[in-house]
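The structure appears right after this line, and notes come after that.
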There are 2 protein chains.
Amino acid sequence: MTDKVSSKDKLIKTASRLFQLQGYHATGLNQITKESGAPKGSLYYHFPNGKEELAIESVRLTAKFVTNRMNASLRKKDDPVEAIQQFIVELVEEFKQERRTDGVPIAAVALETALVSEPLREECRLAYESFQNVFTNKLIASGYDEKKAKELGVVIHSMIEGSFLTSFTAGNVDALLVISKQIPVLLN
Amino acid sequence: MTDKVSSKDKLIKTASRLFQLQGYHATGLNQITKESGAPKGSLYYHFPNGKEELAIESVRLTAKFVTNRMNASLRKKDDPVEAIQQFIVELVEEFKQERRTDGVPIAAVALETALVSEPLREECRLAYESFQNVFTNKLIASGYDEKKAKELGVVIHSMIEGSFLTSFTAGNVDALLVISKQIPVLLN
DNA sequence: GTCTATACGTTGATAGAC
DNA sequence: GTCTATCAACGTATAGAC
């Protein structure tokens with residue numbers, strides 16, 4: 001039982017990283033098995049439905065990981081404006097690392113597969129819902145009424161997602177820094 | 001000279017549509033030539049650098065097309081708040097068409113290739129810059145000072161890009177409608 | 001649970017005739 | 001400008017031994 005999940009976990013972890021960096025179609029199963037160090041023949045044992053199933057579980061893992069990271073960041077400040085800006089600062093810092101170890105979480109997979117794989121699309125939708133809820137919950141805890149908090153959760157998530165995409169493409173953090181300044185305007 | 005550019009144009013137009021719908025790696029050159037109706041053997045004559053070159057010109061065409069569309073939409077109202085909301089309304093209407101004829105412009109290509117193709121990344125960066133400038137120019141024309149207008153251009157573009165991604169993934173227009181309500185708050 | 005071998009399609013790309 | 005033939009590489013997936 002000790003190593004029973006180890007192989008499966010290695011595959012999911014490696015796949016999560018590669019899907020994030022390269023997207024869905026550019027990432028081959030050969031590359032995943034090779035880089036994971038997991039036994040090559042074990043992939044279809046753990047994921048009978050092949051690549052799609054592996055991608056679904058990878059998106060789920062990435063969503064959980066990112067959500068936890070967001071929550072940990074937002075906990076550092078009581079004031080929601082400062083908390084969200086703190087989170088963006090951490091995004092910026094990570095972005096500045098020379099060695100780009102990850103891209104925009106799940107975005108490439110979502111765009112590539114939303115029209116062709118219903119279960120994969122649904123898993124991506126859940127991921128974004130989870131990201132929105134992190135902001136919404138922070139606002140509710142700060143006294144915002146639920147309706148307003150839900151709307152602002154969507155707005156803040158959209159701003160960060162969009163500026164992350166822009167920054168990723170531009171290769172700099174300009175867009176992220178600009179939207180950070182507008183957070184106080186939004187939370188009035 | 002009449003049909004000289006016709007074949008090349010057909011290839012670029014078809015490629016633009018397919019890259020937008022399926023992403024870069026999922027779209028094969030065979031599919032592009034077949035659906036374009038352009039002669040199969042002409043691709044490497046018009047695009048000696050192969051797929052990358054075709055993608056660059058496709059992103060350029062998409063950027064020009066979308067920019068024009070945005071400008072046409074924003075021209076319909078003098079007030080910048082109403083104008084931007086008008087644009088979002090048109091996005092929503094188009095989104096509701098059953099037959100999904102296009103996805104999120106260039107986003108998939110940008111995410112898939114930014115880390116592996118410098119010229120393609122640069123073309124995507126220019127596209128986003130062009131989108132931002134549409135909003136910025138509208139604000140300048142409405143009396144905003146240049147610095148403020150540039151910042152708000154980035155912010156509005158980020159919000160729309162992010163909510164478009166979210167809506168595309170969710171399969172509904174909820175996020176787009178929510179951010180539209182926040183435009184007046186931002187333009188204060 | 002894991003491994004090897006293999007099947008079969010498709011990819012991007014090139015060469016050479018026309 | 002266009003076409004056909006062809007290439008090697010890689011894609012996913014399966015079968016069957018261990």
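Proteins come first, then strands; the chains are lettered A, B, ... in the order of their sequence lines, and each starts at number 1.
Remark: P of D/dC10 and CD1 of A/Ile32 are 16 Å apart, rounded to the nearest angstrom. Between A/Lys8 atom NZ and C/dT2 atom P there is a gap of 12 Å when expressed in whole angstrom units. Look at CG on B/Leu43: it is 13 Å from C1' on C/dT14, rounded to the nearest Å. Atom CG of A/Leu18 and atom P of D/dC10 are 16 Å apart (whole Å).
Under the 4.5 Å side-chain heavy-atom criterion for Ile, Leu, Val, Met, Phe, Trp and Tyr, B/Tyr144 and B/Ile160 are members of the same hydrophobic cluster.
By the neighbour-count criterion of 12 heavy atoms within 6.0 Å, atom CG of A/Asp78 is sparsely surrounded, having that number or fewer from other residues, nucleotides or ligands.
Salt bridge absent: B/Glu35 and B/Lys10 never bring a charged side-chain N and a carboxylate O closer than 4.0 Å.
With respect to A/Ile84, the side chain to side chain contact (heavy atoms under 4.5 Å, CB included) criterion is satisfied by exactly one of A/Val134, A/Leu187, A/Leu152, A/Asp79: A/Leu187.
For the pair B/Glu161 and B/Tyr128, the minimum side-chain heavy-atom distance is below 4.5 Å.
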Exercise for review: Do nucleotides 11-18 of chain D as a string where each nucleotide becomes B, S or -: B if the base has a protein heavy atom under 4.0 Å, S if just the sugar-phosphate does, - if no protein is that close.
Suggested key: SBBB----
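The closest side-chain donor-acceptor pair between B/Glu90 and B/Gln86 falls under 3.5 angstrom.
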